[in-house]
Amino acid sequence: MTPEQEKALALARARRRRAEAEGKAPEAPNVAKDMAAAGAAGAARGTTGMLDLPGMIFGAGSRAGSWVAEKTGLASPEDAQAAHQMVTGAADATRFGSGDKYRQAAAEATGGATEFRGETTAGKYAGTVGEFLPGSPFGGGNLLRNALVYGVVPGLASEGAGQLTEGTAYEPWARAIAPMVASGAAAALTRPRGPQAPSVDDLKAQAEGLYQTGAARAGADPASVQGLANQIDNELQALNVKTPAGRVVADGNVKKFLDVLDDFQGQSMKPQQMQTMRRMLQDAAGSADPADRRIGAILLEKFDDWRGQHVPEYKQADALYGRMKRAKDVDWRIEKAENRAGSTGTGGNQVNAARQNIRQILDDPKKMRGYSPEELEAMRAIVRGDRTTNALRTVSRLSPGSGGWPLMANALLGGGAIYTSNPLLMAPMAAGAFAQGASEVLTRGQINALSAMIRNGGPVARNALADADRAAAALLAGRSINASD
């Protein structure tokens with residue numbers, strides 16, 4: 001409690017004692033006036049709290065540094081405390097302050113009026129809501145939504161949690177955590193749903209509808225079929241797989257396609273027959289024989305261009321069907337990893353198994369076929385990690401579950417009971433456990449984003465309001481901690 005708060009509290013107690021000594025019952029406070037006064041005082045504290053926020057963050061960093069220096073033996077408790085006071089003293093001399101500079105200045109300027117908390121229950125709620133309202137315009141929505149989500153809701157939650165835990169050691173924690181939880185829930189409930197990738201079932205239904213529409217078309221007439229045959233013949237000559245005598249040096253599915261194409265000379269080709277022809281080239285493009293695979297892939301591209309002129313719906317349907325197949329493949333690999341993790345009971349194992357299963361795609365050119373460069377790059381980020389996840393994975397080696405750090409500590413200190421109760425080792429292990437959990441959450445997010453990207457045919461547009469809400473939630477967290485002091 002600040003000196004100004006203590007002064008205001010002492011003044012209120014003195015007034016009550018004087019009234020009791022004079023034999024008068026203390027006058028019941030006017031609820032409306034009490035709410036107005038407490039709300040105005042709270043708004044003043046909220047405004048100064050915003051100004052004091054940089055200093056509070058700086059002071060928290062200084063306290064953390066002093067604690068680490070003390071616990072690791074880099075400095076004695078006295079030296080660590082002296083260093084913290086020197087740093088915060090220097091900060092207090094600047095315009096940032098040390099976390100309560102502007103609040104104290106406001107209290108001194110108003111004779112402690114800005115520290116008024118209300119004498120009624122309603123007044124206390126109004127005062128706490130007032131503390132959060134000045135920062136609410138920085139939220140992600142319109143002013144009304146911001147005032148509700150980042151002002152009224154967290155204020156009511158903070159005061160309610162504070163009154164439930166009043167007088168206990170949990171009160172500061174309750175007043176700081178409750179507004180973050182309540183505001184986060186309110187933001188999620190009032191935020192419109194952003195762009196979503198279609199589901200696998202959606203893609204399947206769209207593709208089937210396009211295939212049915214395409215099948216109703218007339219197809220290609222004999223002249224167009226002959227034109228296709230000429231294009232294929234020119235391509236085979238360019239590939240040097242056709243002899244001067246006209247014999248094609250090809251085997252397998254390519255040869256089967258060419259034989260069937262010859263049978264269509266002078267004939268029309270219906271859409272369903274085009275699909276049969278295309279499947280032959282697909283088999284060739286996916287063949288284990290390198291020559292068959294190379295020629296089949298080239299001819300498949302030529303055939304698709306020709307088919308698209310007559311049945312454009314098929315090309316669209318193929319793209320949707322391909323996205324569906326690739327998404328199902330990735331989802332199957334994730335499900336396989338979950339089953340493996342479920343058999344061992346280790347959540348982290350699920351993330352590692354998923355990374356290994358996705359790596360199998362990157363290790364096989366045949367499996368990579370069809371994936372876009374962006375999708376392959378997203379897979380590499382999952383398998384190799386990015387700067388953030390790799391840094392967290394490095395720190396996670398200190399976690400108790402990693403094995404390395406506990407074994408080293410056990411060897412150095414001679415027993416699990418010793419190192420698990422040693423504060424010098426508990427802090428690194430706690431940091432390692434947190435980093436491990438954070439890296440797993442981020443990797444799962446990358447996997448979900450990959451699946452959505454494949455189903456969407458490209459990155460899903462970000463929800464701008466959700467991004468703004470995340471920034472506002474971070475600001476609210478600092479305000480909640482500052483307001484609970």
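For this chain, numbers begin at 1 and follow the sequence in order.
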With a 4.5 Å cut-off on side-chain heavy atoms, are [Y] and [X] touching?
X      : Y      : answer
Phe132 : Leu476 : yes
Glu159 : Arg175 : yes
Glu235 : Gln231 : no
Tyr371 : Val330 : yes
Asn357 : Ile334 : no
Arg294 : Leu239 : yes
Arg455 : Arg323 : no

Within this structure, what is the [atom1]-[atom2] distance for the pair [X] and [Y], rounded to the nearest 0.5 Å?
X      : Y      : atom1 : atom2 : value
Ile358 : Leu362 : CD1   : CG    : 8.5 Å
Glu301 : Asp305 : CD    : CG    : 6.0 Å
Ile295 : Asn253 : CD1   : CG    : 12.0 Å
Asn456 : Leu203 : CG    : CG    : 9.0 Å
Ile361 : Arg380 : CD1   : CZ    : 11.5 Å
Leu442 : Ile382 : CG    : CD1   : 12.0 Å

Query raised in the report: Taking the six-membered ring for Trp, is the centroid-to-centroid distance between Tyr170 and Trp173 below 6.0 Å?
Result: no
Under the rule for side chain to side chain donor-acceptor pair (under 3.5 Å), what residues qualify as partners of [X], not counting sequence neighbours?
X      : answer
Asp259 : Lys255
Arg384 : none
Asp331 : Ser451

Any pair counted as salt bridge (Lys or Arg N to Asp or Glu O under 4.0 Å), so long as it reaches [range], sequence neighbours left out:
range            : value
residues 209-226 : Arg217-Glu313
residues 193-210 : none
residues 132-156 : Arg145-Asp469
residues 132-142 : none

For the side chain of [X] and the backbone of [Y], is there at least one donor-acceptor N/O pair under 3.5 Å apart?
X      : Y      : answer
Thr48  : Arg45  : yes
Ser372 : Glu375 : yes
Thr128 : Gly155 : no
Trp306 : Ser224 : yes
Ser158 : Pro154 : no

Report task. Return the set of residues passing salt bridge (Lys or Arg N to Asp or Glu O under 4.0 Å) with Arg278 (not counting sequence neighbours), or none when no residue passes. Result ->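 Once residues adjacent in sequence are excluded, the partners of Arg278 under the salt bridge (Lys or Arg N to Asp or Glu O under 4.0 Å) criterion are Asp304, Asp318.
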Output a table of donor-acceptor pairs, distance under 3.5 Å, between side-chain atoms of residues 266-277 and any protein atom two or more places apart or on a different chain; print 'none' if there are none.
unit_1, atom_1, unit_2, atom_2, d
Gln273, OE1, Lys270, N, 2.8
Gln275, OE1, Arg307, NH1, 2.5
Thr276, OG1, Gln272, O, 3.3

Mind listing the closest non-hydrogen atom pair of [X] and [Y] along with its distance?
X      : Y      : result
Asp292 : Asp289 : N-OD2, 3.0 Å
Ala147 : Leu133 : O-CD2, 3.9 Å
Ala178 : Ala161 : CB-CB, 3.6 Å

Query raised in the report: Hey, are Arg333 and Asp329 close enough for a salt bridge, meaning a charged N less than 4.0 Å from a carboxylate O?
Result: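 Here Arg333 pairs with Asp329 in a salt bridge, since their nearest N and O are under 4.0 Å apart.
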Query raised in the report: Of all residues at least two apart in sequence or in a different chain, which pass the ring-ring contact (aromatic ring centres under 6.0 Å, His included) check with Phe264?
Result: none
Query - Which residues share a ring-ring contact (aromatic ring centres under 6.0 Å, His included) with Tyr314, sequence neighbours left out - result: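 Tyr314 satisfies ring-ring contact (aromatic ring centres under 6.0 Å, His included) with Tyr211 once adjacent residues are dropped.
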Query raised in the report: With sequence neighbours left out, which residue pairs that include part of residues 214-234 fulfil the ring-ring contact (aromatic ring centres under 6.0 Å, His included) condition?
Result: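 Every candidate ring-ring contact (aromatic ring centres under 6.0 Å, His included) pair involving residues 214-234 fails, so no pair, neighbours aside, qualifies.
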